[in-house]
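Here's the structure we're looking at; comments come further down.
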Amino acid sequence: MPVDLSGPLMSAFKKAKKEYEEAVKRGDMEVAKKKALECARILKQLSNYDEFNRESYLDKAKKWEALAKDIESGRFQKTRNKPMKEGSSRPENGKEEESEEEKFRAYVRNNLIAKSKVKWDDIGGLDEVKKLLMETVVIAALRRPESIQPWKGVLLFGPPGTGKTLLASAAAGSLNATFFNVKASNVLSKYFGESSKIISALYEVAREESPSIVFIDEADALTTKRSEEQSEASRRMLATLLTELDGFQDKKSDKLVLTLAATNTPWDLDEAVLSRFPRRIYVPLPDKKATKEIIRINTQGLDISKLDLDAIAEESVRRLYSGRDLKNLCQGAIWNMVREENPELHKLAELPFEELGKRSLRTRPLEMRDFEEAFKKIKSQLTRKDIERYEKWAEEFGG
Ligand SMILES: Nc1ncnc2c1ncn2[C@@H]1O[C@H](COP(=O)(O)OP(=O)(O)OP(=O)(O)O)[C@@H](O)[C@H]1O
Ligand SMILES: [Mg+2]
């Protein structure tokens, strides 16, 4: 067990952060940059001691590094000195307090921006959906007559695990757009009374960082249909969101801010929401061809020449597997192979980490029996009746 240094590291971080803030106040950007880098370094070390918050530490470290870069390029200064909106600025008297507006924008920048490396090729099937999203993204970037406008809002609906989040990430990844990943229910539960302010801040930052893709997951949480449960907070959040969506019909602006909303329960959405999303796209369970593609994507780097992919795909379709189920299926099969080839694997856990790095895992081509075993453990949550409900809604409201 390594010695836990998180306590002293945390104090070191607080100290560096304070020194950074003081340097900014003095306008000593050279020191500020140094301190920002120090903060990043300490956070990276901290990430080794807290596996649950590892990602979050690393994320924060990256932000400090980005900040240092901004300082170096002079961008930081520019954003700082930018005049604030009327009413939110305070007189310049030494101790400048962060305005409320800035607080929300900082929240958006620190928590809702996600990095996306997903590419279109990582998605199996869904050719029509991919095409539509690609077109939208391309139109937004091309020079064009004013009357031709890209879609501002696209609704993705379908059963869980069919690739809605993946599609949104691919759209952002391929365009190198800033990706805002917003779970409606999260914003509501964490920032209850202030969730509508977060939405305003979100779109403000999205415009600044355009091209942007704002992904609103679990859009049904915003609905007004389930009126008894509907809180005042979500009503206000929804109203703000709708205003923002309307506001974007500004023809002169060539900034792309595409809002993609996703839901598993489209029938819960009300008219107000639906009307802002004229494009509603059904993201169905994968068919046989798509299933084979998804299996290939999830077994990359392994030999699958011994598999009867047709048979696996047919069984998967019969069992109503989603893309997520298929991913789990492949992982299960891969694990079966790995365990069989490396029966003593768990014993290596006693070796020090550096020692492990010198050894490699034994593999062999995947076989049908690996999959047969894996099939037993994966059960789709869906019934035919569920699917029919999606299909019916798609027929009536989709398009
Ligand atoms: N069409 C697909 N191609 C490749 N992988 C897929 C596909 N669909 C799903 N997957 C796999 O399943 C995982 C979950 O997919 P994703 O998160 O996009 O589903 P979702 O539709 O957003 O589900 P939910 O409605 O539960 O949020 C993905 O990370 C990916 O590994
Ligand atoms: Mg999702």
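Starting from 1, each residue takes its place in the sequence as its number. All values reported here derive from a predicted model rather than from experimental measurement. Every number for a ligand or one of its atoms is a count from 1 in the order of the listing.
Interface atoms of ligand 1 facing Asp122, defined by a heavy-atom separation under 4.0 Å, are 3 (N), 4 (C). The contact set between ligand 1 and Gly323, taken as ligand atoms under 4.0 Å from a residue heavy atom, comprises 8 (N), 9 (C), 10 (N), 11 (C), 12 (O). When each atom of ligand 1 is checked for a heavy atom of Ile123 under 4.0 Å away, the hits are 1 (N), 3 (N). The atoms of ligand 1 that sit less than 4.0 Å from any heavy atom of Leu126 are 1 (N). Atoms of ligand 1 lying under 4.0 Å from any heavy atom of Lys327, numbered from 1 in the order shown and given with element: 31 (O).
Note on Val31: it does not cluster hydrophobically with Ile71, by side-chain heavy-atom contacts below 4.5 Å among ILVMFWY residues.
A donor-acceptor contact under 3.5 angstrom links the side chains of Thr259 and Tyr203, judged on distance only. One side chain, Ser174 or Trp120, offers a donor N or O that lies under 3.5 Å from an acceptor on the other. Side-chain atoms of Ser322 and Asp325 include a donor-acceptor pair closer than 3.5 Å.
Shown are Trp393, Trp267, Phe397; of these, the ring pair (Phe, Tyr, Trp, His ring centres under 6.0 Å) with Phe157 is made only by Trp393.
For atom 9 (C) of ligand 1, the nearest non-hydrogen atom from the set Gly161, Gly124, Pro160 comes from Gly161. The nearest non-hydrogen atom to atom 5 (N) of ligand 1, considering only Leu166, Thr265, Asn328, comes from Leu166.
Under a 4.0 angstrom heavy-atom cut-off, Leu167 registers as lying outside contact with ligand 1.
Dense packing is recorded around NZ of Lys119, with more than 12 heavy atoms of other residues, nucleotides or ligands lying under 6.0 Å away. Annotation: Arg384, atom CZ; neighbour count of heavy atoms from other residues, nucleotides and ligands within 6.0 Å does not exceed 12.
Nearest protein neighbour of atom 17 (O) of ligand 1, counting heavy atoms only, is Arg324 NH2, 3.5 Å. Atom 22 (O) of ligand 1 has Thr165 OG1, 2.7 Å as its closest protein atom, hydrogens excluded (heavy atom only).
The aromatic ring centres of Phe180 and Phe215 sit 6.0 Å or more apart.
Contacts with ligand 1 closer than 4.0 Å are made by side-chain heavy atoms of Asn264 only, the backbone lying farther away. Under 4.0 angstrom from ligand 1, the non-hydrogen atoms of Ile294 all belong to its side chain.
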For a salt bridge (charged side-chain N to carboxylate O under 4.0 Å, His left out) check, start with the C-alpha distance between Arg109 and Glu209, then their side-chain angles and the critical distance, and finish with the verdict.
CA-CA 10 Å; Arg109 285 188 186 278; Glu209 298 293 325; 2.9 Å; yes
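Any N or O atom pair closer than 3.5 Å counts here, and Ile297 shares no such pair with ligand 1.
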